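Predicted model only: the values in this text are computed from it and were never measured.
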Amino acid sequence: MSTFETLFAAASAAREKAHAPYSRFHVGAALLDENGVVHAGCNIENAAYPEGWCAETTAIGHMIMGGGRAIRMAVVVAPRIDFERTPGGQFCTPCGGCRQRLAEFAAADVPVYACDPEGRNALFLMQDLLPAGFSLETDR
Ligand code: THU
């Protein structure tokens, strides 16, 4: 399996665990860290809607707790959306908040794949998802 296929499989499995009774929009994400370890997550919604969070955020939490500190590749799996405005639908890209969270651990050239459940995808670089993003130089 290619790295993409491994991450796609992990994100798809994570997606099965989504807790999304309000939007019914199930999302899975998988991250490859600097040690070659894969970390996955699903979206977890809440009856108090703003308290829910995205699949990417769950996956980042798993990466940090698993000892990873750098994202080398990210894969998001979700249904395609917005068929009314876009023929064939649009791939689900990370929300603004998750772009900032991903950028904390992903360099500018890190690939981020936005996939539908069948594996069709759009490839973005981190720098294209969050141009001119806020960051601080630290010695972490
Ligand atoms: N969501 C994600 O988990 N990741 C994304 O990249 C976009 C949106 C979730 C948040 C919410 O639970 C549901 O999808 C609908 O917005």
Chemist: Mind checking whether Met73 and Leu31 have side chains closer than 4.5 Å, heavy atoms only?
Modeler: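 Sidechains of Leu31 and Met73: no contact.
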Chemist: Flag the pair Cys95 / Cys54 as yes when at least one side-chain heavy-atom distance between them is below 4.5 Å, and no otherwise.
Modeler: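 Side-chain contact under 4.5 Å: yes.
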Chemist: NE2 of His19 to CD1 of Ile44: how many Å apart, nearest 0.5 Å?
Modeler: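 Result: 8.5 Å between the selected atoms.
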Chemist: Over 60° means perpendicular and under 30° means parallel, so tell me whether Phe4 and Phe8 are parallel, tilted or perpendicular.
Modeler: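 Phe4 vs Phe8 ring planes: parallel.
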Chemist: Linking I/L/V/M/F/W/Y whenever their side-chain heavy atoms sit closer than 4.5 Å, directly or via other members, would Ile64 and Met126 fall into one cluster?
Modeler: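 Yes, same cluster.
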Chemist: Taking atom CG of Asn35 and atom CE of Met63, what is their separation to the nearest 0.5 Å?
Modeler: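 One finds 10.0 Å between CG of Asn35 and CE of Met63.
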Chemist: Hey, could you give me the CZ/OH distance between Arg24 and Tyr22, rounded to the nearest 0.5 Å?
Modeler: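 So the gap between those two atoms works out to 10.5 Å.
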Chemist: In the structure I gave you, are the side-chain heavy atoms of Val110 and Leu125 within less than 4.5 Å of one another anywhere?
Modeler: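 Answer no - side chains too far apart.
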Chemist: Please lay out, stage by stage, how Cys42 and Lys17 fare under the test side-chain contact (heavy atoms from CB on, under 4.5 Å).
Modeler: CA-CA 6 Å; Cys42 61; Lys17 300 201 162 95; 4.1 Å; yes
Chemist: With hydrophobic residues grouped by side-chain heavy-atom distances under 4.5 Å, do Val112 and Leu7 end up in a single group?
Modeler: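 No, because Val112 and Leu7 fall into different hydrophobic clusters, even though each may have its own neighbours under 4.5 Å.
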Chemist: Is there a chain of hydrophobic side chains (I, L, V, M, F, W, Y, each step under 4.5 Å between heavy atoms) that links Val37 to Ile60?
Modeler: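 They do not share one cluster, since no chain of ILVMFWY contacts under 4.5 Å joins Val37 to Ile60.
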Chemist: Look at the side chain of His62 and the backbone N and O of Ala40, then say whether any donor-acceptor pair between them is shorter than 3.5 Å.
Modeler: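 Such a contact is found between His62 side chain and Ala40 backbone.
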Chemist: Would the distance check show the side chain of Glu34 and the main-chain N or O of Arg69 forming a donor-acceptor pair, the cut-off being under 3.5 Å?
Modeler: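 Looks like yes, one N/O pair under 3.5 Å.
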Chemist: Ala59 and Ala29: which non-hydrogen atoms are nearest, and at how many Å?
Modeler: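 Scanning both residues completely, I find the closest heavy atoms to be CB-O, 4.1 Å.
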Chemist: Please report the C-alpha distance between Gln127 and Asp109 in whole Å, then the side-chain angles of each, then the deciding distance to 0.1 Å, and finally whether the side-chain contact (heavy atoms from CB on, under 4.5 Å) criterion is met.
Modeler: CA-CA 7 Å; Gln127 65 196 0; Asp109 62 349; 5.6 Å; no
Chemist: Between Val38 and Asp33, does a side-chain contact (heavy atoms from CB on, under 4.5 Å) hold up when you go through it step by step?
Modeler: CA-CA 6 Å; Val38 176; Asp33 75 13; over 6 Å; no
Chemist: Flag yes if more than 12 heavy atoms outside Glu118 fall under 6.0 Å of its CD atom; otherwise flag no.
Modeler: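 Yes, enclosed.
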Chemist: Within a radius of less than 6.0 Å around CZ of Phe83, do more than 12 heavy atoms belonging to other residues, nucleotides or ligands occur?
Modeler: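 Yes.
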Chemist: Cut-off 3.5 Å, side chains only: do His26 and Asn43 have a donor facing an acceptor?
Modeler: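 Judged by distance alone, the side chains do not pair up.
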Chemist: Kindly give the heavy-atom pair with the smallest separation between Pro117 and Ala78, and that separation in Å.
Modeler: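 In this case the closest contact between Pro117 and Ala78 is CD-O, 3.4 Å.
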Chemist: Excluding sequence neighbours, so at least two apart, what forms ring pair (Phe, Tyr, Trp, His ring centres under 6.0 Å) with Phe91?
Modeler: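 Here no residue qualifies.
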Chemist: Among Ile, Leu, Val, Met, Phe, Trp and Tyr joined by side-chain contacts under 4.5 Å, find the other residues sharing a cluster with Val76 and list them by chain and number.
Modeler: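 Listed partners: Phe25, Val27, Ile81.
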Chemist: Hey, what do you get for CZ (Phe105) to CD1 (Ile71), rounding to the nearest 0.5 Å?
Modeler: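 Here the rounded value is 7.0 Å.
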Chemist: Which distance, rounded to the nearest 0.5 Å, do you find between the CG of Leu130 and the SG of Cys98?
Modeler: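 So the gap between those two atoms works out to 11.5 Å.
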Chemist: Give the cluster check for Val75 versus Leu129: same hydrophobic cluster or not, with ILVMFWY residues linked at side-chain heavy-atom distances below 4.5 Å.
Modeler: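 Different clusters: Val75 never reaches Leu129 through Ile, Leu, Val, Met, Phe, Trp or Tyr contacts under 4.5 Å.
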Chemist: With side chains defined as the heavy atoms from C-beta onward, is the minimum distance between Leu32 and Thr3 less than 4.5 Å?
Modeler: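 Side-chain contact under 4.5 Å: yes.
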Chemist: Looking only at side-chain N and O atoms, does Thr93 offer a donor or acceptor that is under 3.5 Å from a partner on Arg99?
Modeler: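 A donor-acceptor contact under 3.5 Å links the two side chains.
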Chemist: Hey, is the main chain of Ser2 close enough, under 3.5 Å, to the side chain of Glu5 for a donor-acceptor pair?
Modeler: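 Judged by distance alone, yes, a pair lies under 3.5 Å.
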Chemist: For Arg120 and Arg80, what are the C-alpha separation, side-chain angles and deciding distance, and is it a side-chain contact (heavy atoms from CB on, under 4.5 Å)?
Modeler: CA-CA 10 Å; Arg120 288 181 287 251; Arg80 275 181 289 148; 3.0 Å; yes
Chemist: Determine yes or no for a side-chain-to-main-chain donor-acceptor pair under 3.5 angstrom, with Glu45 supplying the side chain and Ser23 the backbone.
Modeler: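 Yes, the answer is positive, given that a donor and an acceptor are paired below the 3.5 Å cut-off.
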Chemist: State yes or no: do Tyr113 and Phe124 share one hydrophobic cluster built from I, L, V, M, F, W and Y residues joined by side-chain heavy-atom distances below 4.5 Å, directly or via other members?
Modeler: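 Different clusters.
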